[in-house]
Amino acid sequence: MKKFLIVANWKLHGSINMISNFFEYMKLYTSMDLEQNIVIAPPTVYLERIYKKIEKTNIVLGAQNVDINIEGSFTGETSISMLKEIGVRYVIVGHSERRLWHHENSELIAKKIYLIKKFNLIPILCIGETKEDKKNNATKKTIIKQLNDIIAVLGSSVFQNIVIAYEPIWAIGTGLASDPKTTQLIHEFIKNYIRTYDSSISNVLVQYGGSVNPKNAKLFISQPDIDGLLVGSASLNPKEFLKIIQIAYNIYKSKNI
Ligand code: 13P
């Protein structure tokens with residue numbers, strides 16, 4: 001089966017009650033022979049509770065953020081060693097909501113990626129253009145800048161064992177998903193760009209995120225260079241999320257790449 005990754009980014013949503021209903025429903029999922037292709041990234045406070053629910057399954061744990069310090073006087077933060085200790089395997093970085101609301105810049109994002117990799121966890125680096133960029137035909141320019149900013153700090157080998165999530169900002173939470181064919185071209189562009197920088201890197205997974213739901217998931221997943229999905233609101237509903245997983249499983253199973 002082609003390697004793929006479906007990630008649930010719960011953002012600032014969830015409750016103890018919601019989690020117990022969610023995993024009651026997700027038990028159906030254990031009948032699929034998936035290989036740790038599903039990641040749940042809840043708010044930090046629920047990580048351990050969810051770990052207990054998934055530790056004997058193929059679902060793995062993701063965090064939505066991490067600090068750049070390992071320990072010390074940094075009130076309110078969570079370190080990479082803490083995340084690792086409680087079973088986190090993936091960490092989302094550079095999400096446009098953190099770039100916007102928490103003023104995270106490329107330098108900070110690069111530091112986070114460095115630490116995540118140092119602790120042998122996998123970063124999910126989010127990139128993508130604004131509505132304005134799209135209007136000005138500047139999507140590729142924005143993506144190149146976002147990638148180059150990371151390469152400038154960490155070198156191109158940073159892209160070994162990393163997941164990239166292409167999330168056009170205008171598609172996030174708007175119900176206006178990107179067009180799957182255009183998205184395919186952008187994914188191909190991202191992979192080629194990284195390859196021309198460093199030809200030894202051939203295994204970067206590039207996910208799409210932005211208003212993914214059970215109705216449009218198939219159109220994305222059927223594209224050759226879309227290796228998974230980063231799902232926001234549809235991942236809060238276990239029925240919808242499970243449908244997306246089932247669609248992905250069936251399509252990727254048939255893609256014998
Ligand atoms: P939505 O699926 O709600 O558009 O969110 C996408 C996203 O930002 C995932 O990280």
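All residue numbers in this chain count up from 1 along the given sequence. Side-chain atoms are counted along with the backbone in the values below, which use heavy atoms only and exclude waters and symmetry mates.
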Output a table of donor-acceptor pairs, distance under 3.5 Å, between side-chain atoms of residues 167-174 and any protein atom two or more places apart or on a different chain; print 'none' if there are none.
{"residue": "Glu167", "atom": "OE1", "partner": "His95", "partner atom": "NE2", "Å": "3.0"}
{"residue": "Trp170", "atom": "NE1", "partner": "Glu129", "partner atom": "OE2", "Å": "2.9"}
{"residue": "Thr174", "atom": "OG1", "partner": "Trp170", "partner atom": "O", "Å": "3.0"}
{"residue": "Thr174", "atom": "OG1", "partner": "Ala171", "partner atom": "O", "Å": "3.3"}
{"residue": "Thr174", "atom": "OG1", "partner": "Leu176", "partner atom": "N", "Å": "3.1"}

What donor-acceptor contacts under 3.5 angstrom involve side-chain atoms of residues 67-74, with partners at least two apart or in another chain?
{"residue": "Asp67", "atom": "OD2", "partner": "Asn69", "partner atom": "N", "Å": "3.2"}
{"residue": "Asp67", "atom": "OD2", "partner": "Asn69", "partner atom": "ND2", "Å": "3.0"}

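Interatomic distance, CD1 of Ile194 versus CG of Asp198, reported as 9.5 Å (0.5 Å rounding). For the atom pair CG (Leu108) and NE2 (His102), the distance works out to 11.5 Å, reported to the nearest 0.5 Å. Atom CG of Leu12 and atom OG1 of Thr44 lie 10.0 Å apart (nearest 0.5 Å). Rounded to the nearest 0.5 angstrom, Ser106 OG and Asn148 CG are separated by 10.0 Å. Here CZ of Phe220 is found 11.5 Å from NZ of Lys181. Values are rounded to the nearest 0.5 Å. The OG atom of Ser211 sits 8.0 Å away from atom CG of Asn216, with the distance rounded to the nearest 0.5 Å.
The other residues sharing a hydrophobic cluster with Val163 are Leu5, Val7, Val39, Val60, Tyr90, Ile92, Ile122, Ile124, Leu205, Leu230, where clustering joins ILVMFWY side chains under 4.5 Å apart.
When all heavy atoms of Pro42 and Gly62 are compared, the closest pair comes out as CD-O, 3.4 Å. The two residues Ile151 and Ser156 have their closest heavy-atom pair at CG2-N, 3.8 Å. Across all non-hydrogen atoms, the minimal contact from Ser200 to Gln160 is OG-NE2, 3.7 Å. Of all heavy-atom pairs between Pro238 and Leu236, the closest is CD-O, 3.5 Å.
Ile144 and Val204 fall within a single hydrophobic cluster, where Ile, Leu, Val, Met, Phe, Trp and Tyr side chains are chained together by heavy-atom contacts under 4.5 Å. When the side chains of ILVMFWY residues are joined at heavy-atom separations under 4.5 Å, either directly or via intervening members, Tyr51 and Val45 end up in a single hydrophobic cluster. Tracing side-chain contacts under 4.5 Å through hydrophobic residues (I, L, V, M, F, W, Y), one reaches Leu47 starting from Ile19; they form part of the same cluster. A single hydrophobic cluster is seen to contain both Phe189 and Leu125, as judged by linkage of ILVMFWY side chains at heavy-atom distances under 4.5 Å, directly or through other members. The cluster map of Ile, Leu, Val, Met, Phe, Trp and Tyr, joined by side-chain heavy atoms under 4.5 Å apart, puts Tyr197 and Ile150 in the same cluster.
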Step by step, would you call Met26 with Ile59 a side chain to side chain contact (heavy atoms under 4.5 Å, CB included)? CA-CA 10 Å; Met26 286 295 282; Ile59 303 177; 3.9 Å; yes

Derivation and outcome, ring-ring contact (aromatic ring centres under 6.0 Å, His included), residues Trp10 and Phe241: CA-CA 11 Å; Trp10 283 7; Phe241 191 53; 8.5 Å; no

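Looking at Tyr252, its side chain never comes within 3.5 Å of a backbone N or O of Ser254 through a donor-acceptor pair. At distances below 3.5 Å, not a single donor-acceptor pair connects side-chain atoms of Asp149 with backbone N or O atoms of Asn105.
Side-chain contact check for Phe23 versus Ile54: some heavy-atom pair is nearer than 4.5 Å. Side chains of Ile116 and Ile162 form no contact here, defined as non-hydrogen atoms less than 4.5 Å apart. By the 4.5 Å heavy-atom criterion applied to side chains, Leu61 and Ile50 are counted as neighbours. Counting heavy atoms from C-beta on, the side chains of Lys218 and Ile247 come closer than 4.5 Å. Contact check for Lys141 versus Lys145: no side-chain heavy atoms found under the 4.5 Å cut-off. Between Pro123 and Val91 the shortest side-chain heavy-atom distance does not fall below 4.5 Å. Using a 4.5 Å cut-off on side-chain heavy atoms (C-beta onward), Ile226 and Val206 make no contact. Side-chain atoms of Ile221 and Phe4, non-hydrogen and from C-beta on, never get closer than 4.5 Å to each other.
Thr142 pairs by the side chain to side chain donor-acceptor pair (under 3.5 Å) definition with Asp133, not counting sequence neighbours. Partners of Glu107 by side chain to side chain donor-acceptor pair (under 3.5 Å), not counting sequence neighbours: none found. Judged as a side chain to side chain donor-acceptor pair (under 3.5 Å), and not counting sequence neighbours, Gln64 has no contacts. For the ring-ring contact (aromatic ring centres under 6.0 Å, His included) test, residues two or more places apart in sequence or in another chain that qualify with Tyr166 are His187. Applying the side chain to side chain donor-acceptor pair (under 3.5 Å) test to Asp179 and every residue at least two apart in sequence or in another chain returns Thr182. Remark: Phe159 pairs with no residue by the ring-ring contact (aromatic ring centres under 6.0 Å, His included) rule, at least two apart or across chains.
A side-chain contact (heavy atoms from CB on, under 4.5 Å) with Glu188 is found for one member of Asn192, Ile190, Ile186 and no other, namely Asn192.
Ion pair Glu104/Arg99 not flagged as a salt bridge, since none of the NZ, NE, NH1 or NH2 atoms sits closer than 4.0 Å to an Asp/Glu carboxylate oxygen.
Inspection of the Ser15 and Asn17 side chains reveals no N or O donor paired with an N or O acceptor under 3.5 Å. Checked by atom type, the side-chain pair Ser178/Thr183 shows a donor-acceptor distance below 3.5 Å. Under 3.5 Å, the side chains of Asn65 and Lys112 contain a donor-acceptor pair of N or O atoms.
Annotation: Tyr114, atom OH; neighbour count of heavy atoms from other residues, nucleotides and ligands within 6.0 Å does not exceed 12.
Applying the side-chain hydrogen bond (donor to acceptor under 3.5 Å, both in side chains) definition to pairs two or more places apart or across chains, those involving residues 227-240 are Lys2-Asp227, Lys191-Asp227. Each salt bridge (Lys or Arg N to Asp or Glu O under 4.0 Å) pair with one or both residues in residues 82-93, not counting sequence neighbours, would appear here, but there are none. For residues 46-57, the set of pairs meeting the salt bridge (Lys or Arg N to Asp or Glu O under 4.0 Å) definition, not counting sequence neighbours, is empty.
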